[in-house]
Q: 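Dumping the structure here so I can ask a few things about it.
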Amino acid sequence: MEDNLKPYAASSIGSKGRVYDENKPSERSEFQRDRDRIIHSSAFRRLVYKTQVFVNHEGDMYRTRLTHSLEVAQIGRTIARALGLNEDLVEAICLAHDLGHTPFGHAGQDALNECMKKFDGFEHNLQSLRLVDYLEKKYVEFPGLNLTFETREGILKHCSIKNAKSLGEIGQRFIKNKRPSLEAQIANIADEIAYNNHDIDDGLRSKLIDINEFCNLSLANSESKKIKKMYPNLSSKQFINEIVRRMINSFVNDIINNSSIIINEKNPKNINDIRNFTQLIKYSNKYSNINSETKEFLHINLYQHSKVRKMTDKAEIIIKFLFKKYSDSYKLMPKDSCLLAEKKTSELGKVGGSRIVCDYIAGMTDRYALEQYEKLKN
Ligand code: MG
C-alpha cells in the first residue's frame with residue numbers, strides 16, 4: 001500500500017496515531033482512511049457553495065472552494081508521487097485544507113476575525129482543525145473525524161503562538177519553530193499554485209483581468225509567444241486554457257526539480273530530520289520571483305478590482321450583521337447551537353457563547369448566509 005516511499009516520507013506505520021485509538025484499517029492505509037472521512041464529512045460537501053474569489057451565485061463557470069480543493073489535491077498528488085512521498089497523506093491534507101473557511105472567502109474571514117477580536121479571534125486554519133477534531137458529528141465513538149496526527153499537522157498550516165500553546169503536541173512546531181512533514185509542505189505549495197493560476201483563469205474569463213496586461217508578466221510573456229507561434233489561430237478561450245495549463249505545469253515541474261535537488265543535498269534519513277531541517281519543498285529562485293510577480297499582479301488587478309471589492313464589502317456587512325444578531329439572541333440560531341451557546345456562556349462567560357456563534361457562521365455557505373441576512377433584516 002505504501003511501497004516505494006522514500007525513508008523520510010510519512011508512513012502509516014510511523015504515524016503518531018489518532019487521539020482515540022482505533023483498529024488498523026484492513027484494506028486502506030491510515031491516510032486513505034483520513035481522506036475518506038474528509039470526503040464523507042458535511043463540511044466537505046458545503047465547500048461547493050463557498051466562495052474562493054467570485055461569489056457562488058455569480059456564475060457556474062468559476063471556482064468554488066470544492067473545485068479549488070480538488071485542484072489542490074491533484075497538483076499535490078503529482079508532486080508527491082514524483083518525489084516518492086506519501087500521495088494519500090497529501091491528498092487528505094489538500095482536501096481538508098479549506099474546510100474551516102467562512103462564507104465569502106477572505107473577506108468573510110477578516111470580518112469574522114474582527115467580530116471575535118475580544119474573544120481570541122478567528123483563524124481559518126485553526127477552524128479547519130476544530131472542524132475535524134470536534135465539530136463534525138459523524139461517529140458514535142469519538143467527536144470529529146479522529147484523523148491521524150500527520151493529517152491534522154498538515155491542516156494546521158499557520159497558527160499564532162498563543163493558540164498553539166493550547167493545542168498540545170500539534171501546536172509544538174509553532175512554538176519550537178520546526179517544520180511539518182514534506183507531505184504537508186507539498187499541500188501548502190499546491191494550494192498556492194492552484195489558486196494563483198485559477199484566479200488568473202477565472203479573472204481572464206470574467207474579463208476582470210485584461211489579457212494583454214497579463215501577457216506582460218514574465219512567464220506569461222514567454223509562454224504566450226510560444227503558443228502564438230505554434231497555434232496562430234486560437235480563439236481567446238483556447239488561448240487562456242493553453243496558457244494557464246502551461247503555467248501550472250511549469251510551476252509543478254519547478255517544485256519537483258528544485259525540491260529534489262534540495263532533498264538530495266540535505267540527505268534526510270527519516271521524517272524527524274525533515275521536521276528539524278528548514279523547508280525543503282521550495283521554488284527555485286527564478287520561480288519564486290515569478291510567483292511573487294503573479295501574486296502582486298492578482299492583488300492589484302483582481303482582488304482589488306472594484307467589482308470584487310463590491311462583493312467583499314457586502315460580505316463584511318453580512319457577517320458582522322449576523323454575528324451581532326446571533327450574539328444578542330442565541331435563539332435565532334438552530335436549537336442545538338442555541339443550547340450549546342447558552343451552556344458555554346454559563347460555563348465560560350461571553351467568550352464561550354461567542355465561539356459557538358462564530359462556529360455557526362463559519363459553517364455557513366455563501367447563499368445560506370445571504371438568506372439568513374435577508375430573513376433577519378426584514
Ligand atoms: Mg486553499
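Numbering of ligands and ligand atoms starts at 1, following listing order.
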Q: Between NE2 of H68 and NE2 of H97, what angle is found at the Mg ion (ligand 1), rounded to 10 degrees?
A: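 Output for this angle: 90°, rounded to tens.
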
Q: For H124, run the side chain to side chain donor-acceptor pair (under 3.5 Å) check against H97, Q109, K157, H158 and tell me which one passes.
A: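 Filter result, single survivor: Q109.
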
Q: Can you see which heavy atom on K178 is nearest to which on R275, and at what distance?
A: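 So the minimum-distance heavy-atom pair works out to CB-O, 3.4 Å.
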
Q: In D191, which N, O or S atom comes closest to the Mg ion (ligand 1)?
A: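 D191's closest N, O or S atom to the Mg ion (ligand 1) is named OD1.
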
Q: Hey, are the side chains of K295 and E192 touching, using non-hydrogen atoms and a 4.5 Å cut-off?
A: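 Sidechains of E192 and K295: in contact.
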
Q: In D98, the N, O or S atom nearest to the Mg ion (ligand 1) is which?
A: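 The D98 atom nearest to the Mg ion (ligand 1), restricting to N, O or S, is OD2.
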
Q: Measure the acute angle between the ring planes of Y20 and F142, then classify it against the limits of 30° and 60° as parallel, tilted or perpendicular.
A: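 Judged by the thresholds at 30° and 60°, the geometry between Y20 and F142 is parallel.
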
